[in-house]
**Student:** 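Before anything else, here's the structure in question.
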Amino acid sequence: MKLNSLLTVGMLLAATTPALAAEDLGFYLGGQVNHTSVEDNIGTLDESAIGLGIYGGYNFNDSFGIETSIFLTDSLVDEMDLRIAAVTISPVIRHAFTDSVTGYLKAGLVVNKTYSNDDGVDEDYRGTGWLFGAGVDVTLTESLALRVSYELSETEPEYSELENYYADISLKQFGIGLHYRF
């Protein structure tokens, strides 16, 4: 349901936004709100939360760029304050459908940390993995763009006290953001 709402908003804005032949090259920086769901492959973790992030990048030409992001989630588990923070970097392939609507695909690297700030809980899992993403940027003004996105990442966390910890963590994010082009 949430994905349908985000896509509907993106399509309505794309349909009603005037064609602005914005220069889409160079640096951009923005913020994003995500609906984040996380699960592991052994079935003990299947939760969701709201997440916040910042992203930025550089478009080398009309078709190719590079992007990085930092995001964190609100508490994922009611019984304890379990959160995830991550940093990503990835090349981005872009395609302009109109002067105001650009779609993109990206695949890259994610480094995340799953942690808790609760008293008595001293668990800290760190992992490195892969990231796939897709989305649409809709030009609102010459320098401002709306983003609707989906990202999937998977990491294999390491935990210092468990030598054979084997739970891969899958993270899915549906997001809506706003960025400024410099």
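Quick caveat, the model's predicted, so the values are computed rather than measured.
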**Student:** Taking all heavy atoms of Tyr28 and all of Ile66, pick out the closest pair and write down the distance.
**Tutor:** OH-O, 4.1 Å
**Student:** Are any side-chain N or O atoms of Thr73 and backbone N or O atoms of Ile84, one a donor and one an acceptor, separated by less than 3.5 Å?
**Tutor:** yes
**Student:** Is it the case that one hydrophobic cluster holds both Leu52 and Ile54, taking links as side-chain heavy atoms less than 4.5 Å apart, direct or via other members?
**Tutor:** no
**Student:** Among all residues two or more places apart in sequence or in another chain, which pass the side-chain contact (heavy atoms from CB on, under 4.5 Å) test with Gln173?
**Tutor:** Asn34, Thr36, Phe71, Glu151
**Student:** Treating Asn61 as the side-chain partner and Ser63 as the backbone partner, does any N or O pair qualify as donor plus acceptor under 3.5 Å?
**Tutor:** yes
**Student:** In this structure, are over 12 heavy atoms from other groups packed under 6.0 Å from Leu152 atom CG?
**Tutor:** yes
**Student:** Hey, does Asp62 have a side-chain heavy atom less than 4.5 Å from the side chain of Leu25?
**Tutor:** yes
**Student:** Starting from the C-alpha separation in whole Å, work towards a yes-or-no answer on side-chain hydrogen bond (donor to acceptor under 3.5 Å, both in side chains) for Tyr58 and Glu67.
**Tutor:** CA-CA 7 Å; Tyr58 185 82; Glu67 184 171 289; over 6 Å; no
**Student:** Just wondering, do Trp130 and Ser153 contact through their side chains at under 4.5 Å, heavy atoms?
**Tutor:** no
**Student:** Using salt bridge (charged side-chain N to carboxylate O under 4.0 Å, His left out) as the criterion, list what pairs up with Arg94, not counting sequence neighbours.
**Tutor:** Asp24
**Student:** Please name the pair of heavy atoms, one in Leu105 and one in Ala134, separated by the smallest distance, quoted to 0.1 Å.
**Tutor:** CD2-CB, 3.7 Å
**Student:** Please find the pair of heavy atoms, one from Gln32 and one from Ser149, that lie closest to each other, and give the distance.
**Tutor:** NE2-OG, 3.0 Å
**Student:** Before giving the answer on side chain to side chain contact (heavy atoms under 4.5 Å, CB included), spell out for Arg147 and Tyr55 the whole-Å C-alpha distance, their side-chain angles and the decisive distance to 0.1 Å.
**Tutor:** CA-CA 11 Å; Arg147 171 172 285 191; Tyr55 63 93; 3.5 Å; yes
**Student:** Taking atom types as modelled and ignoring hydrogens, do the side chains of Arg181 and Thr139 form a donor-acceptor contact shorter than 3.5 angstrom?
**Tutor:** yes
**Student:** By side-chain contact (heavy atoms from CB on, under 4.5 Å), which residues pair with Val111, not counting sequence neighbours?
**Tutor:** Thr128
**Student:** Looking at the rings of His95 and Tyr104, which for Trp means the six-membered one, are their centres under 6.0 Å apart?
**Tutor:** no
**Student:** What's the separation between atom OH in Tyr180 and atom CG in Leu29, rounded to the nearest 0.5 Å?
**Tutor:** 11.0 Å
**Student:** Any chain of hydrophobic side-chain contacts (each under 4.5 Å) joining Leu109 to Phe64?
**Tutor:** yes
**Student:** Would you call Val33 and Ile50 a side-chain contact if the rule is heavy atoms closer than 4.5 Å?
**Tutor:** yes
**Student:** Considering all heavy atoms of both residues, which atom of Ala107 and which atom of Pro91 are nearest to each other, and what is their separation?
**Tutor:** O-CD, 3.1 Å
**Student:** What's the spacing between His179 NE2 and Ser143 OG if we round to 0.5 Å?
**Tutor:** 10.5 Å
**Student:** So, for Ala86 and Asn112, which heavy atoms are closest and what is the spacing to 0.1 Å?
**Tutor:** CB-CB, 3.6 Å
**Student:** Evaluate Ile176 against Leu146 for side chain to side chain contact (heavy atoms under 4.5 Å, CB included), listing each step before the verdict.
**Tutor:** CA-CA 7 Å; Ile176 188 162; Leu146 174 77; 3.9 Å; yes
**Student:** Which heavy atom of Glu154 sits nearest to which heavy atom of Val110, and what is that distance?
**Tutor:** O-CG1, 4.5 Å
**Student:** Roughly how far, to the nearest 0.5 Å, is OG1 of Thr155 from CG of Leu171?
**Tutor:** 7.5 Å
**Student:** Given the rule that I, L, V, M, F, W and Y join up when any side-chain heavy atoms are under 4.5 Å apart, are Phe27 and Phe60 in one cluster?
**Tutor:** yes
